[in-house]
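Beneath this line is the structure, given in structure tokens, with notes to follow.
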Amino acid sequence: MQYRTLGHSGLKVSAISMGTFSFGGEGDFAMVARQGVKEAQHLVDACIDGGVNLFDTSNMYSLGRSEEILGEVLDGRRDKVLISSKARMRIGDGPNDEGVSRYHLIRECERSLKRLRTDHIDIYFMHEWDGLTPVEEMLSALDTLVRQGKVRYIGCSNYSGWHIMKALHVAEIKNYPRFVTQQIHYTLEAREAEYELLPISVDQGLGVMVWSPLAAGLLSGAFGRDRSPETSRQSAGWSEPPIRDQERLWNIIDVLDAIASERGITAAQVALAWTLSRPAIASLVVGGLSEKHFKDNIAAAEVSLEENELKRLNEVSRLPYVYPYWHQHNFAKERFCQADWALHADYEDLGKV
């Protein structure tokens, strides 16, 4: 297992971390899986044996049941692993049962701590943007939690570029804790993060954690032009991630399959290895329904793709060169910094556009 530094912090996280999205199976999460304590124990043991040191959950996964199960199976070895959790999403019917208000964040953190059977959360993510709560209020609440020792590091998830930069600016001028990480959706199929989020991460020192790095299984090798598993999130009605160009997806999978066959590894390992090769990536949060799934995904941390393999994957998945980036490519690239190249490097073969 590789261990990577999380952004501009001193924290080392495993390149593959375990997502507990499938623990519990309460409410809409029953579409994904209904893993109870016994199943979770087996899978967590397999991940720890494979070198995973970070386990990711949320207060809203299965209405808190995911945190409860994770807390139970980690009991007695909590000090040997890292836990990340989240708050922001609606978790009740009340007017203050969502958002990042001081009221909501402090209450939800304390509830999560009880469910997780721990006195602190190592990485606490703001699960989604809240445009109604002042950023100053959110960061002040997080400052309180950090000072109380209930949270070690803070991060954001599913923010846009300007949301991140506004939060970082307020943190600087108010001397509040600063985000050290963002958790985003980023895959060969979904590369939109390259326009803003990856360059920001390089420039501002945010270690990127990726959720659903196999696109809810679409890049796992189970799907293809002529194959689709009978049981999957998609067949159960789960709508994430949205696929806007089916033919492009099949083209990507064709290249994944070809490289996997040539290398004697799985398509999932190729997809994960590509993502791990990208700028600012710290850890990929993988899920799974079996020990085999996790062992296969963990092995991706040891896969190093050749330059020609990376080129084939980039070419089949590259997104349109939108404004202002094509204009910068034509007139500004002689003065690009490292953060600029996080986007522009994959368009160097285009010439002037």
Side-chain angles (χ1 to χ4, degrees), residues 2 4 15-17 184-199 201-202 208-228 234 240-288 293 296-322 325-326 329 338-351 353:
Q2 299 176 23
R4 301 184 173 193
I16 303 295
S17 50
I184 65 174
H185 183 57
Y186 176 53
T187 71
L188 275 162
E189 194 285 324
R191 296 181 61 177
E192 297 89 347
E194 293 173 4
Y195 291 135
E196 290 286 339
L197 300 183
L198 289 194
S201 294
V202 172
V208 175
M209 292 174 59
V210 177
W211 61 263
S212 198
L214 292 175
L218 292 174
L219 303 179
S220 67
F223 290 83
R225 294 179 187 275
D226 56 356
R227 64 186 187 276
S228 178
Q234 288 74 21
E240 291 183 349
I243 303 300
R244 299 181 176 88
D245 187 339
Q246 196 78 40
E247 184 62 23
R248 176 174 173 271
L249 172 64
W250 299 142
N251 290 340
I252 292 170
I253 291 174
D254 287 344
V255 177
L256 282 175
D257 287 344
I259 293 175
S261 177
E262 294 161 10
R263 292 286 297 267
I265 57 179
T266 66
Q269 289 171 351
V270 176
L272 295 174
W274 177 87
T275 311
L276 285 170
S277 75
R278 306 302 293 171
I281 301 297
S283 188
L284 310 184
V285 183
V286 302
H293 288 156
D296 184 75
N297 292 339
I298 288 169
E302 307 305 320
V303 174
S304 180
L305 296 174
E306 302 291 337
E307 193 65 34
N308 71 304
E309 294 168 334
L310 293 172
K311 182 178 180 181
R312 289 159 65 187
L313 291 167
N314 287 334
E315 287 178 348
V316 74
S317 63
R318 188 165 53 194
L319 293 177
Y321 216 8
V322 298
Y325 305 115
W326 59 260
H329 172 89
Q338 186 179 5
D340 293 311
W341 287 116
L343 166 70
H344 291 277
D346 287 341
Y347 298 86
E348 271 296 86
D349 62 334
L350 296 183
V353 293

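Quick caveat: nothing in here was measured; it's all calculated off a predicted structure.
Side chains of Arg312 and Ile259 form a contact here, defined as non-hydrogen atoms less than 4.5 Å apart. Counting heavy atoms from C-beta on, the side chains of Phe223 and Leu249 never come closer than 4.5 Å. When side chains are defined from C-beta on, Arg263 counts as touching Leu305, because their heavy atoms get closer than 4.5 Å. Counting heavy atoms from C-beta on, the side chains of Val270 and Val303 never come closer than 4.5 Å. In this structure, Leu313 and Ile252 have side chains that are not in contact, with every pair of non-hydrogen atoms separated by 4.5 Å or more. Within the 4.5 Å cutoff, the side chain of Leu197 has no heavy atoms near those of the Tyr186 side chain. Inter-residue side-chain proximity for Glu307 and Lys311 is flagged as unmet; no heavy-atom pair is nearer than 4.5 Å. In this structure, Glu315 and Val255 have side chains that are not in contact, with every pair of non-hydrogen atoms separated by 4.5 Å or more.
Between Ala267 and Asp257 the shortest heavy-atom distance is CB-OD1, 3.8 Å. Residues Leu219 and Pro213 approach most closely at CD1-O, 4.4 Å, considering heavy atoms. Pro241 approaches Ala216 most closely through the heavy-atom pair CD-CB, 3.8 Å. Taking each heavy atom of Leu276 and Ala300 in turn, the nearest pair found is CD1-O, 4.1 Å. Of all the heavy atoms in Leu188 and Ser317, the pair that sits closest is O-CB, 3.2 Å. Minimum interatomic distance between Ala299 and Gln269 (heavy atoms only, all atoms of both residues): CB-NE2, 3.4 Å.
Checked for salt-bridge contact, Glu194 and Arg278 meet the test: a charged N lies under 4.0 Å from a carboxylate O. Remark: Arg225 engages Glu247 in a salt bridge, criterion side-chain N to carboxylate O under 4.0 Å.
For the atom pair CG (Leu218) and CD1 (Ile253), the distance works out to 6.5 Å, reported to the nearest 0.5 Å. Once rounded to the nearest 0.5 Å, the distance linking CG of Leu198 with CG of Leu343 reads 9.0 Å. In this structure, the separation between CG on Asn297 and OG on Ser220 is 8.5 Å, given to the nearest 0.5 Å. Taken to the nearest 0.5 Å, the CG atom of Asn314 stands 4.0 Å off from the CG atom of Asp346. Between the CG atom of Leu319 and the OH atom of Tyr347 there is a distance of 5.5 Å, given to the nearest 0.5 Å. We find the OG-CG distance between Ser304 and Leu310 to be 8.0 Å, quoted to the nearest 0.5 Å.
At distances below 3.5 Å, not a single donor-acceptor pair connects side-chain atoms of Gln2 with backbone N or O atoms of Ala15. Side chain of Arg4 to backbone of Ser283: no donor-acceptor contact under 3.5 angstrom is found. Formation of a donor-acceptor pair under 3.5 Å by the Ser277 side chain with backbone atoms of Trp274 is found in this model.
Remark: Ala190 pairs with His185, Thr187, Glu192 by the side chain to side chain contact (heavy atoms under 4.5 Å, CB included) rule, at least two apart or across chains. Residues that satisfy the side chain to side chain contact (heavy atoms under 4.5 Å, CB included) test with Ala282, not counting sequence neighbours, are Leu6, Val13.
Summarising the local packing, CZ of Arg244 is surrounded by 12 or fewer heavy atoms from other residues, nucleotides or ligands at distances under 6.0 Å.
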request  = May I have the step-by-step check of side-chain contact (heavy atoms from CB on, under 4.5 Å) for Val286 and Leu214, ending in yes or no?
outcome  = CA-CA 8 Å; Val286 302; Leu214 292 175; 5.7 Å; no
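Ring-plane geometry between Tyr321 and His344 is classed as perpendicular, the angle between the planes exceeding 60 degrees on a 0 to 90 degree scale with a lower cut at 30.
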